[in-house]
Amino acid sequence: RNATIVKTIDSECQARALDQAVFERGKDCFNACPQPTNTSSLCWVNCFFSTVLGKGHNSSLMPEGGMSAMDLVRAWLRGFESDDLKTYGCP
């Protein structure tokens, strides 16, 4: 049996879909940043990892909260599910 490519997407589009899922989950943290959409700011990066890994991710072996493995898989696959950019799909 040969594997078949069902859909390929641009990595930037897929990253936007993943980032948006993380932003939706951690919107209070991101919105508290001076520049909530500046992905290179220390505040944004901290919010991203706090949302994905949990509070205390940078100082604890047992961070609190964070996204589940299934949430991350869903976020990762979001770009493949649709061609509609409005729903974070990727053409």
ask   = How far apart are the closest heavy atoms of V45 and T39, and which atoms are they?
value =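 Nearest heavy atoms, V45 then T39: CG2-O, 3.7 Å.
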
ask   = Shortest non-hydrogen contact from A75 to A21?
value =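 So the minimum-distance heavy-atom pair works out to CB-CB, 3.5 Å.
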
Atom [atom1] in [X], atom [atom2] in [Y]: separation rounded to 0.5 Å?
X   : Y   : atom1 : atom2 : value
S11 : L18 : OG    : CG    : 12.0 Å
R16 : Q20 : CZ    : CD    : 11.0 Å
R25 : L72 : CZ    : CG    : 8.5 Å
D19 : T37 : CG    : OG1   : 11.5 Å
C90 : E12 : SG    : CD    : 10.5 Å
I9  : S82 : CD1   : OG    : 10.5 Å

query = Going through the distances and angles, do L85 and C13 end up as a side-chain contact (heavy atoms from CB on, under 4.5 Å)?
reply = CA-CA 9 Å; L85 293 172; C13 184; 4.0 Å; yes

query = Are the charged groups of E24 and R74 less than 4.0 angstrom apart, N to O?
reply =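 Judged by the 4.0 Å cut-off on N to carboxylate O distance, E24 and R74 do not form a salt bridge.
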
ask   = Does one hydrophobic cluster hold both F23 and V52, with members joined at side-chain heavy-atom distances below 4.5 Å?
value =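 Yes; V52 is reachable from F23 via cluster members.
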
ask   = Once you find the SG atom in C47 and the one in C33, is the distance between them below 2.5 Å?
value =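 A disulfide is absent here, as the SG pair of C47 and C33 is separated by 2.5 Å or more.
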
Side chain proximity check, E81 to T87, heavy atoms < 4.5 angstrom =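 No, every pair of side-chain atoms sits at 4.5 Å or beyond.
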
Has [X] got a side-chain atom pairing as donor or acceptor with [Y]'s backbone, closer than 3.5 angstrom?
X   : Y   : value
N46 : L42 : no
Q14 : W76 : yes
T4  : V6  : no

task = Any ring-ring contact (aromatic ring centres under 6.0 Å, His included) involving residues 35-60? Give me the pairs, sequence neighbours left out, ordered by first then second residue.
result =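 For residues 35-60, and leaving out neighbouring residues, the ring-ring contact (aromatic ring centres under 6.0 Å, His included) pairs sorted by first residue read F30-W44, W44-F48.
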
